[in-house]
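Quick notes on the structure that follows.
Each chain gets a letter, A, B and so on, in the order its sequence line appears, and its residues count up from 1. As a basis for the values below, the full set of heavy atoms in this structure was taken, side chains included, without hydrogen atoms, waters or symmetry mates.
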Amino acid sequence: MDAKVRVRFAPSPTGGLHLGGVRTVLFNYLFAKHNNGEFILRIEDTDQTRFVPGAEQYIQDTLAWCGLTPDESPLHGGPYGPYRQSERKAMYKQYADKLIAQGNAYYAFDTPEDLDNKRKEVPNFQYSRAHRMDMKNSLSLSKEEVDELLKNNTPHVIRIKVPENEEVSLEDVIRGQVSFDTNMVDDKVLLKADGMPTYHLAVVVDDHLMKITHAFRGEEWLPSAPVHVLLWKYLFGLEQMPKWAHLPLILKPDGNGKLSKRDGERLGFPVFAMDWFDPNTNTTTIGFKERGFVPEAFVNLLAMLGWNDGTDKEIYTIEELIAGFSLDRVHKGGAKFDYEKAKWFNGEWIKKMENEKLAALVQPYFDKEGIEIHDKAYLVKVIGLVKERCQLLPDFITQSSFYFKAPTQIDTASVAPKWDAKKTEFFTELAAIYNSKIESGVITAPAIDLEAAFKDLVAKHELKPGELMLPFRIMLVGGKFGPGVFEIVETIELKETIARIQYSLQLLS
RNA sequence: GGAGCGUUCGUCUAACGGUUAGGACGCCAGGUUUUCAUCCUGGUAAUACGGGUUCGAUUCCCGUACGCUCUACCA
């Protein structure tokens, strides 16, 4: 009973991975690592009609970005492969056959049209004990008829025969005991006409074959859990069944309901982990990564959606999450996603991150803006100067581009009304002083010295510093934002400062 | 319609059956920053409702309401 913990994330490759999906991965991962177990990625691609090229790669890339690397996967391989259900197709049939032989399943020959008609005819139709004898299957037909149909390769499915008047229950790790009346459960299809298993069969067979000890999935699966429990009972025995945990849903911020891609578009925030290009629609949906989230923050904020360790701590490294994670502190209720708080998490992580690491993450955004970085060390320094005012990675562009090139837009409107000849005179002399320093070999000076010199000059001109500071700032960065004025001067150096003073003086004259 | 699950500030959440129901985000006010942001201080705001059980219910039980999920040869 003390088998090694093995968990799996089993997505179907149909599109981008959204918040809920990544959080399921995360909880799997944290649980596995906390218990020194293994985390497996299994691709559930049994529905050929919904297969989307690139989606599997996308899932692997997303896991890699988040740092939630599986121990076994289609990419990494492993002792229980293949890890793609489409490649395991041949394995499932024997289990379906076993169920038939045991009388726990039966062949059904109804066409999709038959089913459609029946659903129209009978209100609230369920393919179950109430109606199964009205349908065309190996329970309602004679043995001869069935043999004939099978011999002729008549398209058919295999359905589970749900027993009558039984109570099926499972002990959910998060929810406690959950019970179902089998009279309310319908005869789900197990093996489709194309020979592929449905999720119901595949999940049970693969979890068994892959020695899964704990099965986590979204709460939306709870209603079909009795089918899975029944299959475990018929196929492998209940004592072999993994422990189930049905995770709470991530809800849309306004109103109720599961968070969807559309909500993100409507409200203006990402829902997918990374950019997802859908080849069918030829559109790209923005991801958290591209919006400027760092993976550490993304993982951190997801962990806090439905779990906490009982303390007030909110910022966690992945190591701390692994150490503290426990399923009995996972919530039952769904959590509405709050983008404002998500950004706060990212801001906290940016503040806490090494400048060098940040520089590497920020560099692509500068490249995209066409801002050339000649000196890596200079970028690292600038990042240290502005990081506490950035929440998302692209904020570094607006907060620091003036360190690399002169602002093109100068907010002269904020200073022009109070501008006069005395100020022009002041800045002209300031530029001249800086120039003479350059001529004597000085490139820059410490901010405190620059400030002292500036104030001396202000006094000499019989002006007030308050009147000059804002104009100076605007000359340097273009607007009312940014770090301390003299820190900027120190960093961009005297020559560049003079150029910016002169440029603005022109605009103001 | 049916089944299952859920419900503490606007949001994320804490609280052995005994707390002035705590923290965080947001918002508001003040301070720091001669800008903005950060930061600091303070404020705002919640146990869905009704019955039990109990000396005492946010907490346990029942009911109601509301919400969600599922109800496919999709997962």
When we call it a touch if two heavy atoms are under 4.0 Å apart, what does [X] touch: a base, just sugar-phosphate, or nothing?
X        : result
A:Lys464 : nothing
A:Pro253 : nothing
A:Val386 : nothing
A:Thr311 : nothing
A:Gly333 : sugar-phosphate
A:Arg217 : nothing
A:Met304 : sugar-phosphate
A:His246 : nothing
A:Gly306 : sugar-phosphate

Ring centers of A:Trp349, A:Phe298 separated by less than 6.0 Å: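 When the ring centroids of A:Trp349 and A:Phe298 are compared, they turn out to be at least 6.0 Å apart.
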Ring centroid separation A:Phe345 to A:Phe293 under 6.0 Å: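 No - the distance between ring centres of A:Phe345 and A:Phe293 does not fall below the 6.0 Å cut-off.
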If I pick the [atom1] atom on [M] and the same atom on [N], what distance separates them, to the nearest angstrom?
N     : M     : atom1 : answer
B:A45 : B:U20 : C1'   : 15 Å
B:G6  : B:G18 : C1'   : 27 Å
B:U53 : B:C61 : C1'   : 7 Å
B:G56 : B:U19 : C1'   : 14 Å
B:G10 : B:G2  : C1'   : 34 Å
B:U8  : B:A46 : P     : 14 Å
B:A65 : B:G50 : P     : 15 Å

For [N], the Watson-Crick or wobble counterpart (both distances under 3.5 Å):
N     : value
B:C5  : B:G67
B:C74 : none
B:U41 : B:A29
B:U47 : none
B:C60 : B:G52

Counting distance only, does the side-chain N/O of A:Asp110 pair as donor-acceptor with the main-chain N or O of A:Met135 below 3.5 Å?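 Checked: no pair found.
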Would you say A:Asp45's side chain and A:Ser12's backbone share a donor-acceptor pair under 3.5 angstrom?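 Absent.
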Residues [X] and [Y] bridged, charged N to O under 4.0 Å:
X        : Y        : result
A:Glu296 : A:Lys357 : yes
A:Lys188 : A:Asp186 : yes
A:Lys233 : A:Glu166 : yes

What I want to check is whether the side chains of [X] and [Y] have a donor and an acceptor closer together than 3.5 Å.
X        : Y        : result
A:Gln85  : A:Asp206 : yes
A:Asp395 : A:Thr398 : no
A:Arg329 : A:Asn308 : yes

Separation of atom CD in A:Glu388 from atom P in B:C40, rounded to whole Å: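 Rounded to whole Å, this separation is 12 Å.
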Let me know the distance between CD of A:Glu44 and P of B:A75, rounded to the nearest Å.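 Rounding to the nearest Å, CD of A:Glu44 and P of B:A75 are 8 Å apart.
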Starting at the 5' end of RNA chain B, which residue's closest nucleotide do you reach first, A:Asn308 or A:Lys455?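 The residue mapped nearer the 5' terminus is A:Asn308.
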Which sits closer to the 5' end of RNA chain B, A:Phe481 or A:Phe337, going by the nucleotide each is nearest to?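 This one resolves to A:Phe337.
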Each nucleotide of nucleotides 61-74 of chain B classed B (base within 4.0 Å of a protein heavy atom), S (only sugar-phosphate) or -, in 5' to 3' order, makes ------SSBSSSBB
With B for base contact, S for sugar-phosphate-only contact and - for none (protein heavy atoms under 4.0 Å), nucleotides 24-33 of chain B reads BS--------
Which residues satisfy the salt bridge (Lys or Arg N to Asp or Glu O under 4.0 Å) test with A:Lys336, sequence neighbours excluded?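 For A:Lys336 there are no salt bridge (Lys or Arg N to Asp or Glu O under 4.0 Å) partners, ignoring immediate neighbours.
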